[in-house]
There are 2 protein chains.
Amino acid sequence: MLDERKQRILEAVVQDYVSSAEPVGSRTLARRHDLGVSPATIRNEMADLEMLGYLEHIHTSSGRIPSAKGYRFYVDGLKMPMKVSDEDKSLIADWYKAKVKRIDEVFQETARLISRVTKNVSLVLAPQLSQAAFRCLQFLPLDDHRAIAVLLTDAGFVENKMVEMPKGAEFPDLQRLAAVINKSLAGKKLQAIPESTLQFIRQEIGDEELYAAAMEILWRALDTGKKERLYLGGTTHMLEQPEFHDVSRVKEILLMLEEEELIKDILRAHRGDGLAVTIGTENENARIQDCSIITATYHLDGELLGTVAVLGPTRMEYAKAMSLLNYMNANLGAIVQHYIG
Amino acid sequence: MLDERKQRILEAVVQDYVSSAEPVGSRTLARRHDLGVSPATIRNEMADLEMLGYLEHIHTSSGRIPSAKGYRFYVDGLKMPMKVSDEDKSLIADWYKAKVKRIDEVFQETARLISRVTKNVSLVLAPQLSQAAFRCLQFLPLDDHRAIAVLLTDAGFVENKMVEMPKGAEFPDLQRLAAVINKSLAGKKLQAIPESTLQFIRQEIGDEELYAAAMEILWRALDTGKKERLYLGGTTHMLEQPEFHDVSRVKEILLMLEEEELIKDILRAHRGDGLAVTIGTENENARIQDCSIITATYHLDGELLGTVAVLGPTRMEYAKAMSLLNYMNANLGAIVQHYIG
DNA sequence: TGTTAGCACTCTAAAGACTTGAGTGCTAAC
DNA sequence: GTTAGCACTCAAGTCTTTAGAGTGCTAACA
């Protein structure tokens, strides 16, 4: 639909604007890119591109900037697979080696790492506990009427929660409870425990009241783990972007990022199968229509585990961010695996 | 050392400057405060106060602002106890009721709460695990060569850590280990376990290799809990202060706040017995010599547990921040107690 | 002797005039 | 179809001016 030359010019405009953050004009473009035509011709082509909706004009006499449609064309035209520089690769390897000692640090550090490389806010949506399989439940005595329930999954995640002792029950009852549950649920997905298994546990326990209490304890213990967790990185790096040199804009974004549920919803809605890019006004949320979001999902044993994302101004280094996320996408499963063992 | 009238004028200058963020002049002061003298007299007094080092002049013909010495005089002259408004009190009560479900959320939410009320960055240094008493250690089997060690203290904190199984040992050995350790260490402070107790454990276990492994496991399990944890709140509220309308200053502060160990050291160094205020150039760290820090320590059963602090520009509502911290100081012990039970 | 009015002086910040430079769109020539 | 040339536009920087708030000093006053 766009002839060769128009494509080259559009691409050049995107690249220049991304790197300079200034509207680009025909003269600059001719100087910086070897397009083989004069500024006047470029001017004509740019006017055409504007008519077609790929470029925008702020004022009559300012250079052009890409529209959402323009970025979209550029992004769709990027050829995969993209490469991550060796420099970045070794930075990544060193980062995990130096900063991650425990499985639960993986996600926070991944977020920091991504924002470090891309100079943008990074978001990591970490695995749902309920998508993992049950491994083991134990109680630790706290005092006469309370205990700590500790739940372990096969992905190596540990959740703990204080629980009230069921009325009339004592600690040995809880231990019996744990034994029954451990026997019945071992290896089962927490998401959907079949009714038959629940009936089996009910019979095994015998005591109806204790069964009801047990279920409540189990659900409550699971409750905190059910939610996907959101890790945030790079609010500092964000400030390096000229788009965020205005404090009020920074505040707006930061306030939005504090709304965890909102952000989770946005990430869930945007993620696609592999890399997904949402550009500027393509965003449904009005507060980020001058931002773009790139998401990537990562997997373990073929199952979707979580999402990694970059949020930045529409003027973003798409190629770099996408190649990085693509790389993380491919490697995060293995990294998680490494810390689980 | 300062006569009545000079004190009143200094106080008035501080109050006006704190609320307006503009240098205050004699005329404005006379208009806003009922000092009973003319601007000319105030001018003379202000000149004196400047000579004495309590006030500063930016340029020849601008109003005055308080110096660190001026703030110090003002802060020292605040009469204790200061009151927290009923509005704030109910905000605080509601906040904990709505947002804190688990003990470990107390600190993060306390930080958020304080920054919400004071419109400044808030820092909470949470209890050292090692200052708490040992209650219970248990292992959960992970696979053939690893297990999860779960440690519980009498303050209700739970720590977990993956441990490699000692060579040649099997899971029942770990359970025996846990039993011995539980029997020996119950109620003991983790900070200083007496040598005799260690010897007792050694004898009980019998196997020398298992003992060495046990100690390593115990120390490693404790390791993560040993550090005081730092919770941060209110980087967003900070932006409301005119001092931070400049992005580069914001970035400087945010970068500094990311240096967790540095911040911890600053807090530890500054905290005094009750409320401690460090004003502007009184700070040793050059990067925050235009900031003030107010710290308060909180206690449980008479023992120092942690520190709560506010970090903001020198132009800060000292009375409000101090009264709030004083209030938290008195109540946090009870709040923590409430969630432990 | 302390207080105050008056006045000249200072400095900032906002507002307006001017200049410069990058860029556009159009037309005519190649 | 491409390009040079030219008139026009707009933003941003520079300079000047003005208004306003403030100071310090002096002389008058109670």
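Letters go in sequence order (proteins before strands), and every chain restarts at 1.
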So the side chain to side chain donor-acceptor pair (under 3.5 Å) pairs with at least one residue in residues 60-71 of chain B (sequence neighbours excluded) are B/Glu50-B/Arg64

Got a sec, which pairs hit side chain to side chain donor-acceptor pair (under 3.5 Å) with one end in residues 242-251 of chain B, sequence neighbours left out?
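Passing the test, one end in residues 242-251 of chain B: B/Glu243-B/Arg315, B/Asp246-B/Ser248, B/Arg249-B/Glu252, B/Arg249-B/Asp290.
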
Using atom [atom1] of [X] as one end and atom [atom2] of [N] as the other, report the distance to the nearest whole Å.
| X | N | atom1 | atom2 | value |
| --- | --- | --- | --- | --- |
| A/Ile42 | D/dT2 | CD1 | C1' | 12 Å |
| B/Arg31 | D/dG20 | CZ | C1' | 12 Å |
| B/Arg5 | C/dT4 | CZ | C1' | 11 Å |

For a side-chain contact (heavy atoms from CB on, under 4.5 Å) check, start with the C-alpha distance between A/Lys6 and A/Leu49, then their side-chain angles and the critical distance, and finish with the verdict.
CA-CA 7 Å; A/Lys6 282 197 176 56; A/Leu49 283 166; 4.2 Å; yes

Within residues 24-43 of chain A or reaching into it, pairs that qualify as salt bridge (Lys or Arg N to Asp or Glu O under 4.0 Å) - sequence neighbours excluded
A/Asp16-A/Arg32

Taking salt bridge (Lys or Arg N to Asp or Glu O under 4.0 Å) as the cut-off, I'd like each qualifying pair that reaches into residues 115-124 of chain B, sequence neighbours left out, listed once.
none

For DNA chain C, the dot-bracket notation using Watson-Crick and G-U wobble pairs below 3.5 Å, [ ] for pseudoknot-type crossings and | for other-strand pairs, is ||||||||||||||||||||||||||||||

CZ/A/Phe73 to CD/A/Glu11 distance, rounded to the nearest 0.5 angstrom?
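The CZ atom of A/Phe73 sits 9.0 Å away from the CD atom of A/Glu11.
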
If I take atom CD from residue A/Glu260 and atom CG from residue A/Asp265, how far apart are they, to the nearest 0.5 angstrom?
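So the gap between those two atoms works out to 11.0 Å.
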
Kindly list each side-chain donor-acceptor pair under 3.5 angstrom involving residues 275-282 of chain A, sequence neighbours excluded, with atom names and distances?
residue, atom, partner, partner atom, Å
A/Thr278, OG1, A/His270, ND1, 3.0
A/Glu282, OE1, A/Arg72, NH2, 2.6
A/Glu282, OE1, A/Ile279, N, 3.0
A/Glu282, OE2, A/Arg72, NE, 3.1

Let's see if you get this right: which residues in residues 44-69 of chain B place a heavy atom under 4.0 Å from DNA chain C?
B/Asn44, B/His59, B/Thr60, B/Ser61

Which of residues 19-28 of chain B sit near DNA chain C, with a heavy atom under 4.0 Å from it?
none

Taking only nitrogen or oxygen atoms into account, show me every contact under 3.5 Å that the protein makes with nucleotides 7-9 of chain C, one pair per line with its distance.
none

Output yes when B/Arg287 and B/Glu259 qualify as a salt bridge under the 4.0 Å nitrogen-oxygen rule, no when they do not.
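Counted as a salt bridge, because a side-chain N and a carboxylate O are separated by less than 4.0 Å.
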
Those residues that, when tested against B/Arg8, pass side-chain hydrogen bond (donor to acceptor under 3.5 Å, both in side chains) (two or more places apart)
none

Test of understanding: with ring pair (Phe, Tyr, Trp, His ring centres under 6.0 Å), list the residues that count as partners of A/Phe244, not counting sequence neighbours.
none

Check ring pair (Phe, Tyr, Trp, His ring centres under 6.0 Å) between B/Tyr231 and all other residues, then give those that pass, not counting sequence neighbours.
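Per chain and number, B/Tyr231 pairs via ring pair (Phe, Tyr, Trp, His ring centres under 6.0 Å) with B/Phe107.
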
Please examine the side chains of A/Leu2 and A/Leu52, heavy atoms only from C-beta on, and report whether any two atoms are closer than 4.5 Å.
yes

